[in-house]
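These notes are about the structure you will find just below.
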Amino acid sequence: DPATFVALRAVGRRLAHLPIALLGTYRPAPQLPELELLTKVWHDEGALHLVLEPLEHRCVIELAAELAGASPGPELERQLSSAAGHPLFVTELLGALADDGAIALADGVAEITGRSLPPSLGLTILRRLGSLGDSTLSLLRTASALGTTFSALDLATVTARPAAGVVDELLEARRAGVVEGAGAMLRFRHDLVRDALYTDLPEAARRALHRHAGKLLAEAGAPKLRVAEQLSLG
């Protein structure tokens with residue numbers, strides 16, 4: 001909020017001569033002009049700017065073992081890989097599975113008893129995505145029906161929206177770390193995010209969306225396999 005930015009700027013000036021460190025963290029989205037200005041000013045004054053990359057898989061396993069009290073089994077490890085190294089999603093996933101009683105400990109191994117996404121985790125992820133705005137969130141829900149990997153053109157076709165507008169919103173989602181490039185396609189960075197968006201739609205709505213997508217993609221001359229996949233899911 002504006003008052004926080006003013007306070008941080010004042011603290012930075014007044015403490016510059018003291019042997020202490022001022023550490024701040026922020027997410028890549030939403031992009032606020034005040035935040036961009038503050039980081040630029042601090043960078044110009046010699047502040048160190050570090051961008052945290054996703055956790056390596058071994059670190060995810062170590063974190064999970066510490067939280068669960070045992071080494072993850074194969075199925076739990078597969079679920080953890082869907083977090084793509086995002087520490088918040090890893091901890092929230094384990095917490096949600098534990099709350100649902102879906103983690104069993106045996107012979108020093110923690111394994112899950114089901115494969116569905118815990119509802120509480122889905123709500124956490126959707127709240128996290130709320131900063132993108134309703135329009136982008138709606139676009140991403142439709143993209144989730146197209147699969148983990150999708151094309152911007154297909155998404156524009158299915159939503160009947162101008163391609164330029166779709167691309168602009170996808171760029172915002174990319175800055176927020178929700179999607180990333182995959183050659184000529186785009187993909188969700190975290191399978192957990194795609195699953196949360198997809199399962200947020202009622203089953204009847206998902207089927208209708210798949211049928212609608214298959215029809216529009218067929219009319220647009222999309223590859224037959226892509227059309228058949230949508231129609232079969234519908």
Side-chain angles (χ1 to χ4, degrees), residues 27-29 52-65 67-68 72-100 102-103 110-132 136-152 154-155 158 169-203 205-207 209-210 213 225-226 229-230 232-233:
R27 297 171 179 166
L52 300 182
E53 299 296 334
L55 293 177
E56 296 178 0
H57 184 65
R58 64 175 180 81
C59 296
V60 170
I61 298 304
E62 290 176 5
L63 175 60
L67 294 173
E75 185 56 32
L76 178 55
E77 185 172 344
R78 186 193 69 80
Q79 280 272 32
L80 290 169
S81 67
S82 66
H86 196 305
L88 173 65
F89 292 162
V90 171
T91 54
E92 290 290 339
L93 173 61
L94 288 167
L97 290 171
D99 290 343
D100 289 354
I103 298 181
E111 191 55 284
I112 55 178
T113 56
R115 296 193 176 190
S116 60
L117 184 71
S120 57
L121 177 61
L123 291 174
T124 298
I125 293 174
L126 290 174
R127 282 197 297 269
R128 173 78 185 277
L129 298 177
S131 62
L132 291 174
T136 302
L137 203 56
S138 175
L139 186 70
L140 291 172
R141 279 197 183 92
T142 303
S144 73
L146 298 180
T148 301
T149 303
F150 59 93
S151 81
D154 284 351
L155 189 54
V158 172
E169 295 200 34
L170 289 175
L171 287 175
E172 181 65 23
R174 188 182 69 172
R175 284 191 290 268
V178 178
V179 300
E180 63 184 0
M185 308 283 281
L186 292 166
R187 67 182 172 207
F188 287 96
R189 282 191 62 192
H190 311 92
D191 287 338
L192 285 177
V193 171
R194 188 255 171 179
D195 290 346
L197 290 164
Y198 187 68
T199 56
D200 188 49
L201 294 166
E203 183 177 355
R206 291 199 299 265
R207 290 181 180 275
L209 180 56
H210 284 303
L225 186 60
R226 198 176 304 164
E229 180 184 21
Q230 289 297 313
S232 65
L233 289 171

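The structure presented is a predicted model; accordingly, all values stated were derived computationally and were not measured.
In this structure, Thr91 has no side-chain hydrogen bond (donor to acceptor under 3.5 Å, both in side chains) partners at least two apart in sequence or on a different chain. A search for salt bridge (charged side-chain N to carboxylate O under 4.0 Å, His left out) contacts involving Arg174 returns nothing, not counting sequence neighbours. Residues that satisfy the side-chain hydrogen bond (donor to acceptor under 3.5 Å, both in side chains) test with Thr136, not counting sequence neighbours, are Glu169. Under the side-chain contact (heavy atoms from CB on, under 4.5 Å) criterion, Ala68 pairs with Ala110, not counting sequence neighbours. Qualifying ring pair (Phe, Tyr, Trp, His ring centres under 6.0 Å) partners for Phe89, counting only residues two or more places apart in sequence or in other chains: His86, His190. The salt bridge (charged side-chain N to carboxylate O under 4.0 Å, His left out) search around Arg206 returns none, not counting sequence neighbours. Take Glu56 and apply the side-chain hydrogen bond (donor to acceptor under 3.5 Å, both in side chains) test, not counting sequence neighbours, and it matches Arg58.
The CG atom of Leu192 lies 11.0 Å from the CG atom of Leu197; values are rounded to the nearest 0.5 Å. Between atom OG1 of residue Thr124 and atom CG of residue Leu88 there is a gap of 7.5 Å, rounded to the nearest 0.5 Å. If you take CE on Met185 and CG on Leu146, they are separated by 8.5 Å, rounding to the nearest 0.5 Å. Taking CD1 from Ile125 and CG from Leu93, the interatomic distance works out to 8.0 Å, rounded to the nearest 0.5 Å. From Ser144, atom OG reaches atom CG of Asp191 across 12.0 Å, with rounding to the nearest 0.5 Å. Rounding to the nearest 0.5 Å gives a distance of 12.0 Å between OG1 of Thr149 and CG of Asp154.
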- request: Would you check, one step at a time, whether the test side-chain contact (heavy atoms from CB on, under 4.5 Å) holds for Glu229 with Leu225?
  value: CA-CA 6 Å; Glu229 180 184 21; Leu225 186 60; 5.8 Å; no
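Nearest heavy-atom pair across Leu80 and Ala64 is CD1-CB, 3.5 Å. Between Ala173 and Leu132, the closest heavy-atom pair is CA-CD2, 4.4 Å. Closest non-hydrogen pair, Leu186 versus Ala152, comes out as CD1-CB, 4.4 Å. Of all the heavy atoms in Ile61 and Pro72, the pair that sits closest is CG2-CD, 3.9 Å. Of all heavy-atom pairs between Ala83 and Val90, the closest is CB-CG2, 3.8 Å. Summarising the geometry of Leu170 relative to Val179, their closest heavy-atom pair is O-CG2, 3.7 Å, with the distance given to 0.1 Å.
Applying the side-chain hydrogen bond (donor to acceptor under 3.5 Å, both in side chains) test to residues at least two apart or on different chains, the pairs with a partner in residues 192-202 are Arg141-Asp200, Tyr198-His210. Identified under the salt bridge (charged side-chain N to carboxylate O under 4.0 Å, His left out) test for residues 176-188, with sequence neighbours left out: Glu180-Arg187, Glu180-Arg189.
Between the side chain of Glu111 and the backbone N or O of Glu75 there is at least one donor-acceptor pair closer than 3.5 Å.
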